[in-house]
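Working notes, structure below.
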Amino acid sequence: MRKNIHLLTYTLFLILVLFNCHELIAQSKQRDNILILSSYNPDTKRISNFLNDFESEIIKYYPKCNIIIEDLGCKEIFEANTWVDRTQNILSNYQDVKLKAILVLGQEAVSSFLSANNKPQNVPTFVNMVSQYGCKLPYKYKSYSEWEFRSFDMIKWAKDQNITGGYFNRYDFDKNLEIIRSLYPQTNTIAFITDNSYGGISLNTRFKNRISELKDFKLIEIDARYVSLQNAIDIIGKLPKNSVLLIGTWRIGPKGEYLMNALNVDILSKNPNIPAFTVSGSGFGDIALGGFYPDYNTRGKELAHQIYSYYNSTDKKNGFFINTGHYHFDLDLIKKAGIPTYKLPKDSIIENNLESQINRYKSIVGIFTVTLIFILTILGALIYILYRNHRLRKALSIREVELTIEKEKAEESDKLKSAFLANMSHEIRTPLNAIVGFSSILCEGSYDEESETEFKNIIVKNSELLLSLINDILDISRMETGKISLVYSNVEINELCNEVFKTAFVNRKPQIEYNYEPGNSHCVIMTDPQRLSQVLINLLSNSAKFTEKGSITLKYEVDEKNDLVEFSVSDTGCGIPLEKQVNVFNRFEKLNEHKQGTGLGLSICKQIASMVGGSIYVDSTYTNGTRFIFKHPIKHK
């Protein structure tokens with residue numbers, strides 16, 4: 001089952017890439033282009049910050065250069081053996097495109113790119129957001145389980161592949177072992193915790209190699225490829241005396257589940273006194289009191305300058321740089337551990353030191369109050385302290401609310417992604433099964449003309465259904481990223497409604513009567529005709545889906561007072577319960593799970609209504625079925 005879902009997801013991914021990039025690639029052949037390959041979604045905060053910095057700098061050098069972004073979608077580690085093929089498929093689209101440079105972002109993308117055998121020739125290539133040490137992908141193996149994990153120097157590999165330059169993160173295990181020896185000299189056991197991701201596997205492999213060379217620590221692996229969160233808690237609870245927990249990464253579990261909210265104090269519930277350090281920043285401030293890890297700079301402006309230097313300097317040598325790191329310590333946790341700050345290395349960054357600032361300020365006020373004998377000055381100083389404390393408490397309260405909101409958004413986003421995959425795997429499989437099945441039947445033998453016509457009609461119907469599903473996915477994706485722009489023109493409503501009515505009438509059920517009631521004999525509005533038609537067709541199709549007999553009516557009325565046209569689609573179907581009417585415009589919302597569809601149609605209608613400055617809702621006063629009302633401005637503002 002998992003394999004089928006992965007195959008469907010990968011197929012959908014390729015379809016989306018081809019639809020989104022075909023037009024852009026055709027245009028890009030006529031001008032200079034910079035291709036950016038990203039391991040994962042370019043809308044994430046870190047990638048988005050990089051793109052903003054890079055674009056603001058590169059336009060200073062090349063104002064007319066076009067930036068093309070390709071998302072490889074390297075999230076699921078179980079699909080690691082397919083990442084190289086994805087990369088090669090994308091690169092094949094750019095063989096004839098004039099590329100000024102290629103940027104590869106993220107460990108997975110860099111490793112996939114270096115393994116590809118169809119990289120564009122004589123194009124300067126730069127890498128970023130990648131660890132100095134990684135693992136070669138299991139491209140030659142059939143499955144993830146056959147992957148041979150060996151630590152590999154990515155800088156050397158990049159130089160061997162004639163990569164021009166870039167920035168690498170170095171995870172310095174020696175620095176972390178030094179601070180562990182310094183603060184806890186009796187330590188003889190290191191428990192190293194990593195997750196089931198490309199980064200986690202790379203860190204685990206590198207650390208095992210390094211600690212085997214030192215031989216003064218016993219290593220206990222807590223590897224999320226093989227253990228669950230509860231197993232990890234049990235292992236940590238049984239660690240011997242003089243043990244230290246060193247954190248690598250902890251986001252993905254053994255079955256690919258997300259663990260990003262699990263690395264907190266609960267993991268130390270059975271051994272709360274064990275000191276914890278971090279080599280990557282993961283868990284810092286929650287359970288890790290500190291550690292040495294890289295400064296995660298985006299380097300967008302620096303890479304833009306490297307591209308400019310490549311074309312405007314006689315020195316074409318590889319420019320590889322390693323991001324510097326620092327010791328970071330959490331003030332509350334080192335105090336709890338009884339570690340004085342003077343024992344920490346010089347140039348350490350001490351965070352969460354709000355308490356020390358407040359205490360220092362109170363000391364100044366205390367000295368001031370002792371020095372001054374006038375009661376008004378003392379009262380003024382106390383009032384000022386109370387005011388400052390109030391502002392700090394308010395700021396902390398606001399920050400707590402903001403963090404809660406962001407956490408809920410992240411959880412909701414994760415649920416939406418899961419719902420999307422579940423819906424797509426179900427909805428796409430049904431028409432695909434019909435297409436493949438009846439195509440096979442047609443190929444296997446000869447049939448009478450009536451049967452053959454019936455099989456062909458089934459294939460065409462399911463092909464149209466599959467295309468409709470893909471179009472809905474593309475529309476919602478483009479709307480989320482702001483890539484859809486409306487093209488306004490004067491539109492005669494009756495002509496448009498007649499065309500819409502004909503389209504909906506083609507697939508009508510014989511027992512349903514279709515009615516069209518125009519408000520005026522002639523009415524012109526300023527709108528995008530394609531998107532207005534899309535809304536009306538979606539509403540008519542939705543009514544047809546839930547109406548078995550009776551009638552469906554398309555109607556419009558002109559509200560000159562409010563400068564609006566009010567469209568309505570009414571049916572005599574099963575209706576929508578009052579308590580569910582508010583949710584029907586949510587993404588993936590389906591009142592009947594047995595009906596075909598993605599649950600995106602009404603969400604798309606709502607987005608379009610918002611884009612044109614109108615509104616759409618369910619008429620709760622209508623009791624003979626369901627009535628949707630769409631209010632559209634007559635003039636574009």
Side-chain angles (χ1 to χ4, degrees), residues 15-28 42-43 48 51 55 66-69 467-504 516 518-520 522-543 554-560 562-569 584-589 597-618 628-637:
I15 293 172
L16 289 173
V17 169
L18 290 173
F19 269 78
N20 277 315
C21 297
H22 178 73
E23 183 177 350
L24 181 60
I25 292 172
Q27 296 174 354
S28 66
D43 290 331
S48 178
L51 294 175
E55 185 174 7
N66 186 41
I67 298 176
I68 305 171
I69 304 170
L467 181 60
S468 175
L469 293 175
I470 293 173
N471 284 336
D472 281 350
I473 297 166
L474 288 172
D475 278 344
I476 203 74
S477 174
R478 288 170 180 163
M479 288 176 183
E480 283 184 348
T481 56
K483 292 182 179 179
I484 287 185
S485 59
L486 301 181
V487 180
Y488 284 89
S489 62
N490 288 321
V491 176
E492 209 290 314
I493 296 180
N494 290 303
E495 292 180 4
L496 184 140
C497 288
N498 281 324
E499 292 300 320
V500 167
F501 208 75
K502 291 177 182 177
T503 302
Y516 170 48
N520 290 331
H522 180 75
C523 181
V524 177
I525 65 173
M526 180 68 74
T527 187
D528 183 326
Q530 178 184 353
R531 296 303 170 186
L532 176 56
S533 298
Q534 184 177 359
V535 172
L536 297 179
I537 290 172
N538 268 346
L539 295 179
L540 288 169
S541 300
N542 203 58
S543 292
L554 170 62
K555 178 181 179 182
Y556 79 84
E557 295 178 352
V558 180
D559 183 354
E560 295 183 355
N562 295 313
D563 200 24
L564 293 171
V565 174
E566 183 179 292
F567 297 91
S568 66
V569 174
V584 295
F585 295 101
N586 293 340
R587 282 178 232 164
F588 310 118
E589 187 71 30
T598 60
L600 294 175
L602 290 177
S603 177
I604 292 172
C605 291
K606 185 175 181 181
Q607 295 237 33
I608 294 175
S610 176
M611 291 169 68
V612 300
S615 61
I616 188 169
Y617 58 91
V618 181
F628 285 92
I629 295 178
F630 172 31
K631 293 185 177 181
H632 189 299
I634 294 177
K635 298 179 181 178
H636 173 53
K637 298 180 180 179

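Being a predicted model, the structure only gives us computed values, none of them experimental. By convention here, the first residue in the shown sequence is residue 1.
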For [X], all residues meeting side chain to side chain contact (heavy atoms under 4.5 Å, CB included), sequence neighbours excluded:
| X | answer |
| --- | --- |
| Asp559 | Lys561, Asn562, Leu564 |
| Asp528 | Leu486, Val487, Gln530, Arg531 |
| Ser543 | Ile552, Val569, Asp571 |
| Glu566 | Ile629, Lys631 |

>> On a heavy-atom basis, which atom in Ala609 and which in Val612 lie closest, and how many Å separate them?
In response: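 Closest approach of Ala609 to Val612: O-CG2, 3.3 Å.
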> Looking at Gln534 and Ile608, what are the two nearest heavy atoms and their distance?
Replying inline: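 Distance-wise, the nearest heavy atoms are OE1-CD1, 3.6 Å.
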Atom [atom1] of [X] and atom [atom2] of [Y]: how far apart are they, to the nearest 0.5 Å?
| X | Y | atom1 | atom2 | answer |
| --- | --- | --- | --- | --- |
| Glu495 | His522 | CD | NE2 | 8.0 Å |
| Ile537 | Glu499 | CD1 | CD | 9.5 Å |
| Leu536 | Leu496 | CG | CG | 6.5 Å |
| Met526 | Ile634 | CE | CD1 | 12.0 Å |
| Leu602 | Leu539 | CG | CG | 6.5 Å |
| Asn494 | Asn520 | CG | CG | 7.5 Å |

> What residues, two or more places apart in sequence or in another chain, satisfy salt bridge (Lys or Arg N to Asp or Glu O under 4.0 Å) together with Lys555?
Replying inline: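 For Lys555, the residues satisfying salt bridge (Lys or Arg N to Asp or Glu O under 4.0 Å) (neighbours in sequence not counted) are Glu557.
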> Should the pair Phe567 and His632 be assigned to parallel (<30°), tilted (30 to 60°) or perpendicular (>60°) ring geometry?
Replying inline: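 Rings of Phe567 and His632: perpendicular, as their planes differ by over 60°.
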>> Show, in sequence, the C-alpha distance, side-chain angles and deciding distance for Ile525 and Ile493, and conclude whether the side-chain contact (heavy atoms from CB on, under 4.5 Å) test is met.
In response: CA-CA 7 Å; Ile525 65 173; Ile493 296 180; 3.7 Å; yes
> After noting the C-alpha distance and the side-chain angles of Phe628 and Val535, does the key distance pass the side-chain contact (heavy atoms from CB on, under 4.5 Å) rule?
Replying inline: CA-CA 11 Å; Phe628 285 92; Val535 172; over 6 Å; no
>> For Tyr556 and Cys523: C-alpha separation, side-chain torsions, deciding distance, then whether side-chain contact (heavy atoms from CB on, under 4.5 Å) applies.
In response: CA-CA 10 Å; Tyr556 79 84; Cys523 181; 3.9 Å; yes
Within a strict 4.5 Å, meaning less than it, do heavy atoms of the [X] and [Y] side chains meet?
| X | Y | value |
| --- | --- | --- |
| Val491 | Val524 | no |
| Asp563 | Pro633 | no |
| Pro518 | Cys497 | no |

> Can you name the ring-ring contact (aromatic ring centres under 6.0 Å, His included) partners of Tyr516, sequence neighbours left out?
Replying inline: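 With sequence neighbours excluded, Tyr516 shows a ring-ring contact (aromatic ring centres under 6.0 Å, His included) to no residue whatsoever.
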